[in-house]
Number of protein chains: 2
Amino acid sequence: MSKRCYRQYCSLARALDLVGERWTLLIIRELLSGPRRYQELLDNLPGIGTNLLATRLRELGGEGIVRKVLLSAPRIRAYELTEMGRALEPAVVELARWGLAVRGQPRPDDHWSAQWSPLALRARFQADKAAGIDAIYEYDVGGHVFHARIRNQSIETRPGTASSPDVRLVTDEETFLDLATESLSVEQAVESGRLCLEGTPEAIRSSLEVFAA
Amino acid sequence: MSKRCYRQYCSLARALDLVGERWTLLIIRELLSGPRRYQELLDNLPGIGTNLLATRLRELGGEGIVRKVLLSAPRIRAYELTEMGRALEPAVVELARWGLAVRGQPRPDDHWSAQWSPLALRARFQADKAAGIDAIYEYDVGGHVFHARIRNQSIETRPGTASSPDVRLVTDEETFLDLATESLSVEQAVESGRLCLEGTPEAIRSSLEVFAA
DNA sequence: CGGAATCCTCTTCGATACTG
DNA sequence: CAGTATCGAAGAGGATTCCG
């Protein structure tokens with residue numbers, strides 16, 4: 001009757017007992033950028049099936065990884081990560097970092113969302129190249145705005161604008177994807193007007209270098 | 001007829017397409033400690049079912065994550081990680097680190113193996129407490145010997161003895177497990193003769209502190 | 001209308017038995 | 001010892017229906 005599990009006293013096996021099932025870590029990925037409503041999750045997880053999403057959310061709720069909340073303003077129901085859920089972030093980032101090397105090029109019917117940009121940036125972040133950098137970079141990818149704070153050779157990302165970013169990067173979704181897949185260089189993107197970079201030349205250089213392939 | 005996948009251009013989703021299926025990351029965990037033969041994998045993964053192990057190994061082989069090798073001396077077949085496979089280590093460690101907080105106590109029929117001790121140590125390793133430490137610790141857990149090298153606030157573990165370790169820790173499997181679950185303190189274990197620690201008092205103190213809960 | 005539970009089909013899993 | 005074959009059980013995916 002109870003959920004399938006590995007029956008091993010190993011912290012990896014226990015972690016996988018809780019979040020190792022199909023779709024679970026992708027749900028966590030969605031919620032890592034903030035509370036989301038049921039329909040938003042369905043939209044960004046094409047193929048999941050409504051029953052499975054409901055089941056996963058219930059399980060994650062029971063395990064204390066996700067909780068239901070009422071967003072203020074328009075009081076609508078949504079799901080958000082608990083502290084235990086947010087603690088999965090390093091693991092998610094490391095998996096994504098590994099995935100970078102194996103992901104290849106997009107396939108014709110691959111889904112893609114600008115909401116994944118913060119995770120993509122964090123996966124590409126290279127701590128060793130960030131020594132001595134203390135800066136805030138703001139990104140606007142087709143209207144999805146977020147910013148990253150680089151400090152102590154680590155990175156944090158948050159939704160929304162930053163108060164006084166050292167660099168602002170504005171582009172559309174297609175260009176950002178082209179940059180991510182390295183089918184377009186930053187120089188080409190700027191020259192063709194598809195990418196706008198604001199900041200001192202030195203700050204811009206740093207902001208690109210810490211994510212260099 | 002190809003394998004089930006998420007059809008998302010996201011490096012996390014791609015990673016999970018390759019290693020997100022049931023048992024896969026546990027197979028990787030086993031192989032992270034070195035080449036293993038088919039039967040060894042079956043023994044340490046109770047419940048996996050021989051067909052599923054064969055299927056996973058075939059898939060991982062096709063993806064370039066695992067390869068078959070012939071061990072020298074007695075020429076026996078075994079499986080080992082490719083470089084791409086070993087690159088999963090940080091992700092596995094981060095998942096295990098998260099699992100530490102949620103794993104609870106062993107359940108009656110949980111399987112446990114001393115071979116998981118290196119991973120357990122790495123999951124508990126606290127980089128911030130390792131500043132200034134450059135040392136080698138050797139562990140003998142019921143005859144399973146491995147050593148850890150701490151340097152630059154990072155840890156590496158390898159099977160076998162070290163040439164001149166700063167600390168040697170010798171214990172039996174049960175005691176190591178009791179220490180891991182924190183149902184026994186190091187002091188109690190030493191007093192009762194279940195744990196033997198060799199090294200200078202300062203080195204011993206450090207060797208415990210970097211893994212402190 | 002958004003948020004889920006139900007139903008049904010297909011795939012995967014797990015256990016055992018079997019083979020090179 | 002290293003797998004393959006088989007089959008019942010459980011899980012996944014899609015459409016539809018129900019609930020508020």
Side-chain angles (χ1 to χ4, degrees), chain A residues 1-8 13 16-27 30-31 35-63 66-80 109-111, chain B residues 1-8 13 16-27 30-31 35-63 66-80 109-111:
Chain A
M1 199 58 217
S2 82
K3 199 166 135 184
R4 189 186 286 185
C5 69
Y6 288 114
R7 307 211 151 276
Q8 298 186 359
L16 293 174
D17 281 342
L18 296 186
V19 298
E21 288 172 289
R22 189 162 166 77
W23 292 108
T24 303
L25 280 173
L26 294 186
I27 296 172
E30 293 301 311
L31 296 179
R36 289 286 178 275
R37 26 199 332 193
Y38 192 86
Q39 194 59 46
E40 291 180 290
L41 292 172
L42 272 185
D43 293 342
N44 268 329
L45 299 170
I48 191 179
T50 166
N51 58 344
L52 192 49
L53 177 57
T55 303
R56 289 286 181 272
L57 288 172
R58 201 181 317 117
E59 290 166 350
L60 289 169
E63 291 154 357
V66 164
R67 77 174 143 242
K68 267 181 167 166
V69 287
L70 278 176
L71 296 183
S72 45
R75 295 183 71 72
I76 45 180
R77 275 171 292 181
Y79 295 89
E80 73 172 9
D109 54 352
D110 273 351
H111 186 245
Chain B
M1 215 60 264
S2 81
K3 200 165 134 184
R4 177 153 27 182
C5 68
Y6 289 113
R7 307 210 151 277
Q8 298 187 359
L16 294 173
D17 281 341
L18 296 185
V19 299
E21 287 173 286
R22 189 162 166 77
W23 292 108
T24 303
L25 280 173
L26 295 186
I27 296 172
E30 293 302 310
L31 296 179
R36 289 285 179 274
R37 24 199 332 191
Y38 193 86
Q39 193 60 46
E40 291 180 289
L41 292 173
L42 271 185
D43 293 342
N44 267 328
L45 299 169
I48 192 179
T50 166
N51 59 343
L52 191 50
L53 177 57
T55 303
R56 290 284 181 271
L57 288 171
R58 202 181 316 118
E59 290 166 350
L60 290 170
E63 291 154 356
V66 163
R67 75 174 143 243
K68 265 182 168 166
V69 285
L70 278 176
L71 297 184
S72 46
R75 294 183 72 73
I76 44 179
R77 274 171 292 182
Y79 295 89
E80 72 172 9
D109 51 353
D110 273 351
H111 186 245

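Order of the sequence lines fixes the chain letters, A, B, ..., with proteins taken first and strands second; residue numbering starts at 1 for each chain.
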Think B:Arg58 has a side-chain N or O under 4.0 angstrom from the OP1 or OP2 of D:dG3? no
According to the interplanar angle, ranging from 0 to 90°, do the rings of B:Tyr6 and A:Trp23 count as parallel (below 30°), tilted (30 to 60°) or perpendicular (above 60°)? perpendicular
Quick one: pull up CZ in A:Arg36 and CG in A:Asn44 and give me the separation to the nearest 0.5 Å. 7.5 Å
Considering only D:dG13, D:dT4, C:dA4, which nucleotide approaches the side chain of A:Lys68 most closely? C:dA4
So, does A:Arg56 use its side chain to make a donor-acceptor pair with the main chain of A:Asn51 at under 3.5 Å? no
Would you mind telling me which of D:dG13, C:dG3, C:dC13 lies closest to the side-chain atoms of B:Leu52? C:dC13
Measure from the side-chain heavy atoms of A:Arg4 and tell me the nearest of D:dG11, D:dG13, C:dA4. D:dG11
Do any side-chain nitrogens or oxygens of A:Arg37 fall under 4.0 Å of OP1 or OP2 in C:dG3? yes
All pairs passing salt bridge (charged side-chain N to carboxylate O under 4.0 Å, His left out) where residues 39-49 of chain A contributes a residue, at least two apart: none
Considering the terminal five base pairs at each end of the helix from C:dC1-D:dG20 to C:dT19-D:dA2, what angle separates the two local helix axes, rounded to 10°? 30°
Between A:Arg4 and A:Glu21, is there a donor-acceptor pair closer than 3.5 Å when you use the side chain of the first and the backbone of the second? no
Value in whole Å for how far the C1' atom of C:dG14 lies from CG of B:Leu42: 12 Å
Rounded to the nearest 0.5 Å, how far does CG of B:Leu53 lie from OG1 of B:Thr24? 10.0 Å
D:dG3 base / B:Asn51 side chain donor-acceptor hit below 3.5 Å: no
For D:dG3 and B:Tyr79 - does any side-chain N or O of the residue sit under 4.0 Å from the phosphate oxygens OP1/OP2? yes
Within the structure, does a side-chain N or O atom of B:Trp23 lie under 4.0 Å from either OP1 or OP2 of C:dG14? yes
Can you tell me if A:Arg22 touches the phosphate of C:dT11, counting only side-chain N or O atoms and a distance under 4.0 Å to OP1 or OP2? no
How long is the line joining CZ of A:Arg56 and C1' of D:dA12, in whole Å? 8 Å
Hey, is A:Lys3 close enough to A:Glu63 for a salt bridge, meaning N to O under 4.0 Å? yes
